[in-house]
Amino acid sequence: MAQAPDPSTVPTAIHSPPAPEKGWKGFRRPAFLGHLGADIPASLVVFLVALPLSLGIAAASGAPIMAGLIAAAIGGIVAGSLGGSPLQVSGPAAGLTVVVAGLVQEFGWQVTCAITAAAGVVQLLLGISRVGRAALAVSPVVVKAMLAGIGITIILQQLQVLLGAEPAGSALENLGALPGAITNVELHAALLGLTVVGILLGWKYLPAAVRRVPGPLAAVVTGTALSVAFAPGVQRISFEGSIFDAVALPQLPEGNWRAVAFAVISMALIASIESLLSAVAVDKMHRGTRTNLNRELVGQGAANIVSGSLGGLPVTGVIVRSATNVEAGAATRASAVLHGVWVLAFSAIFAGLIQLIPLSVLAGLLVVIGARLIKVADIRTSLRTGDLLVYVVTLLCVVFLNLLDGVMIGLALAAASVLWRVLRAAVHAHQPVSPSDPWRVTIAGSCSFFALPRLNRVLHSVPAGMDVVVELNADYVDHAFREALIAWQDQHQAAGGTVHLEEHGNTLFQDAAHRAPQRQEARELPLPPRTSWQAAASAGDGTGAAGDGERTADPAGRHSSPLGSLLEGINKYHRRFADQVQPLVQDLVEGQNPDTLFVACVDSRVNPNLITSSGPGDLLTLRNIGNVVCHEGQDASIDSALSFAVKGLNVESIVIGGHSNCGAMKALIEDANGNGNPDLGAGFDAWLNHARPSYRELAGHPVAREAAAAGYGLVDQLAMVNVAVQLGKLECHLLVGPELAAGRLTATGLFYDIATARVLLVEPGGIRFLDPALAAAKTGAAALAR
């Protein structure tokens with residue numbers, strides 16, 4: 001009989017929804033019922049916000065007043081049920097006010113309803129065609145600026161209502177009328193609105209038991225109660241007739257079908273873009289399920305078909321109501337659906353109760369909601385990432401033009417900014433450090449015809465007759481760029497100079513000669529330390545991205561062990577580099593022909609191939625603790641390596657490579673001071689005998705003096721002296737010494753400074769900086785120290 005598994009060892013799903021509870025006789029309660037405690041209060045708050053907004057949009061559109069309530073109810077019930085965004089609330093939106101007003105004036109209300117229904121059919125087809133994900137190609141800074149612009153627009157409009165004045169049609173007009181509204185303030189309305197603002201701002205400081213009631217709902221109820229008791233004369237919500245009396249069947253136009261078709265397409269596109277942008281923005285406000293954008297288009301299309309068929313305004317996803325829904329604590333789409341039910345029920349049954357709510361109370365609620373759409377963190381992020389101009393322009397256009405124009409202008413500016421950053425090539429000319437050095441021209445980035453003006457300006461700044469090295473690090477090269485560079489090369493060489501091209505990028509220069517330009521896959525050699533990119537892959541950042549843009553975690557979870565790390569690295573090598581390495585090793589299948597024996601320390605931070613820009617087959621590497629050699633007969637492994645390199649492979653050079661912060665050098669110093677580490681064992685102590693002559697020669701050695709003058713500490717001074725001493729041992733070696741004396745072999749000493757990632761040349765009489773920039777830095781530091 002199989003043994004039941006231990007429940008503690010059975011893996012569980014992460015973020016899985018709770019199982020529906022079993023009720024009477026095994027009946028499973030639907031999952032959404034478990035969230036009604038949050039959804040019902042949130043839906044009431046959204047209903048209270050949607051009601052006056054729907055009435056106002058209907059009035060501004062020239063449509064029957066109740067058409068706004070019909071659209072609000074259908075948007076909540078139909079779009080809320082069928083849409084792909086769980087927390088987005090749909091209804092009539094201000095973004096279509098001008099469009100609807102023009103259609104009503106040109107075609108009449110019932111034809112406009114037919115246009116709305118036809119636009120819904122177009123949206124339905126777009127959703128079925130699965131084009132909704134195109135909305136994800138929107139710069140986040142544009143979405144954040146759009147939210148902030150909407151918030152400012154709401155604040156400017158609702159401040160007028162809060163002060164007892166009539167709001168104007170645009171943000172600019174509301175801003176201009178603000179001084180007059182303050183001068184002629186209606187005191188009761190202002191006090192009620194400010195009371196709501198105060199309740200909302202202070203709600204988070206109240207006890208947790210009180211905060212179970214949503215703050216917006218408590219604020220509206222409190223404000224309404226105060227108005228009934230102390231300010232019965234304030235302006236309140238008002239409308240006439242029943243919502244059912246406003247139902248009107250659509251009517252086909254009598255002619256001008258081309259204009260009608262254009263109106264249908266325009267309304268469908270505007271409503272779709274506004275709904276998808278709103279859905280993307282709502283997704284950024286909560287951590288729940290993301291929007292299915294194609295399904296959202298289907299839901300919006302179905303809502304517009306029903307709304308147009310029953311005499312309602314066009315329906316879109318509305319960011320104001322959606323933000324209110326999120327802020328009020330909604331958990332599922334039931335909140336949006338219920339808000340539509342409340343609109344329908346209250347408009348039909350409790351119209352008198354709705355008309356008790358003062359407009360200034362709702363204005364105070366909307367002012368706080370608008371303020372919360374403006375986030376200082378978003379402004380700081382845009383400043384830090386260089387997108388502040390896009391943010392400011394989008395915000396101003398949304399406020400002073402309209403929502404769609406502002407978003408379109410923002411997207412265009414963001415796209416232009418991306419083109420500038422991506423297509424702009426960095427071209428610089430570097431004067432030689434000494435007269436014997438050549439000029440250097442560095443070119444990096446996308447080398448296209450966009451870069452030709454800067455390329456020509458920089459190239460012609462190089463004096464005629466000079467030797468020039470052009471370092472090309474390109475990810476894209478087109479034919480125009482190649483022609484310009486070749487033309488300058490011919491001209492410069494004709495004037496007596498030389499031009500040498502070095503390529504370090506992904507795209508080869510000659511590829512632009514006879515084929516269409518293309519971006520090549522990025523080459524990641526030299527590689528970063530495995531510990532850095534594997535740590536990113538193992539930890540994850542919520543996006544599934546690792547150090548190389550892919551998640552590379554071992555499926556068996558072995559990445560935390562040494563073997564797992566190696567297997568993970570091999571996996572990455574096979575996926576990203578094996579095909580690139582294969583052509584490089586085709587000539588090495590039958591044998592090797594290295595030109596250098598590199599004697600390096602076993603330290604994991606030292607990579608001889610990396611610091612010498614060499615590849616497979618170039619270096620024969622001998623690694624040991626302290627990068628030492630010994631006299632013949634003292635160590636068989638070193639003798640055999642030297643013999644194989646010099647006699648078997650006929651190498652032309654031997655390199656002794658030391659490095660900074662060497663553990664072997666530290667051990668020598670500690671041992672000399674009587675602080676040796678016995679835990680390392682007798683074998684380690686015996687091996688240090690090969691390096692102890694270096695410590696004895698440290699004091700007064702010219703290499704040590706120059707290293708000290710350059711600011712290097714005692715450990716690094718000893719490491720450099722050790723390199724010089726090992727070079728001396730090679731000269732005395734019975735096998736290597738004669739080859740060195742005959743000139744058939746050379747010996748070189750190098751020192752790798754880990755802190756600067758730079759290489760120094762170590763000679764018997766001193767050190768030499770191979771990077772002029774490091775030499776200048778060390779010289780300057782030494783001068784300051786003196």
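Count residues from 1 along the sequence. Reckoned from all heavy atoms, side chains included, excluding hydrogens, waters and symmetry mates.
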Tell me which pairs pass side-chain hydrogen bond (donor to acceptor under 3.5 Å, both in side chains) where either residue lies in [range], with sequence neighbours left out.
range            : value
residues 447-458 : His428-Arg454
residues 584-593 : none
residues 617-634 : none

- Message: Pair Asn677, Phe684 - check side chain to side chain contact (heavy atoms under 4.5 Å, CB included), show working.
- Response: CA-CA 10 Å; Asn677 187 356; Phe684 180 84; over 6 Å; no

Residues in side-chain contact (heavy atoms from CB on, under 4.5 Å) contact with [X], at least two apart in sequence or another chain:
X      : value
Thr612 : Phe598, Ser614, Leu619
Ala704 : Leu698, His701, Gln717, Val721
Asn607 : Asn609, Leu610

- Ser643 side chain to Ser640 main-chain N or O, any donor-acceptor pair under 3.5 Å? no

- Taking Asp753 for the side chain and Leu760 for the main chain, is one N or O donor matched with an acceptor at less than 3.5 Å? no

Indicate the atoms forming the closest heavy-atom contact of [X] with [Y], along with that distance.
X      : Y      : value
Ala480 : Phe449 : CB-CB, 4.0 Å
Pro764 : Val703 : O-CG2, 4.0 Å
Leu455 : Leu485 : CD2-N, 4.4 Å
Tyr391 : Ala145 : O-CB, 3.4 Å
Val762 : Leu750 : CG2-C, 4.1 Å
Leu588 : Pro616 : CD1-O, 3.3 Å

Any non-hydrogen side-chain atom of [X] less than 4.5 Å from a side-chain atom of [Y]?
X      : Y      : value
Lys375 : Lys144 : no
His430 : Thr442 : yes
Gln493 : Val499 : yes

Interatomic distance, [X] atom [atom1] to [Y] atom [atom2] [nearest 0.5 angstrom]:
X      : Y      : atom1 : atom2 : result
Leu459 : Ile443 : CG    : CD1   : 6.0 Å
Glu652 : Asp595 : CD    : CG    : 5.5 Å
Thr381 : Asp387 : OG1   : CG    : 10.0 Å
Asp639 : Leu735 : CG    : CG    : 8.0 Å
Gln489 : His500 : CD    : NE2   : 10.5 Å
Leu718 : Asn722 : CG    : CG    : 6.5 Å

- Item | Arg421 atom CZ, over 12 foreign heavy atoms within 6.0 Å | yes

By the salt bridge (Lys or Arg N to Asp or Glu O under 4.0 Å) test, which pairs, at least two apart or in different chains, include something from [range]?
range            : answer
residues 692-716 : Asp671-Arg692, Asp685-Arg692
residues 720-742 : Lys647-Glu739, Glu739-Arg744
residues 596-609 : Asp603-Arg605

- Message: Under the criterion side chain to side chain contact (heavy atoms under 4.5 Å, CB included), I'd like the reasoning laid out for Thr596 against Val651: C-alpha separation, chi angles, the key distance, then a yes or no.
- Response: CA-CA 5 Å; Thr596 300; Val651 298; 5.9 Å; no

- Task: Using the six-membered ring wherever Trp is involved, compare the ring planes of Phe751 and Tyr712 and label them parallel, tilted or perpendicular (cut-offs 30° and 60°).
- Result: perpendicular

- Task: Could you walk me through whether Thr748 and Leu761 pass side chain to side chain contact (heavy atoms under 4.5 Å, CB included), step by step?
- Result: CA-CA 8 Å; Thr748 306; Leu761 186 67; 3.5 Å; yes

- Query: Taking only residues two or more places apart in sequence or in another chain, which ones pass ring pair (Phe, Tyr, Trp, His ring centres under 6.0 Å) with His492?
  - Reply: Trp488

- For Trp687, which residues count as a ring pair (Phe, Tyr, Trp, His ring centres under 6.0 Å) partner, sequence neighbours excluded? His690

Could you list the donor-acceptor pairs under 3.5 angstrom formed between side-chain atoms of residues 654-663 and any protein atom two or more places apart in sequence or on another chain?
unit_1	atom_1	unit_2	atom_2	d
Ser660	OG	Ile754	N	2.9
Asn661	OD1	Lys666	NZ	2.7

- Message: Is there a side chain to side chain contact (heavy atoms under 4.5 Å, CB included) between Arg768 and Glu763? Walk through the geometry before answering.
- Response: CA-CA 8 Å; Arg768 182 154 57 95; Glu763 299 170 318; 3.9 Å; yes

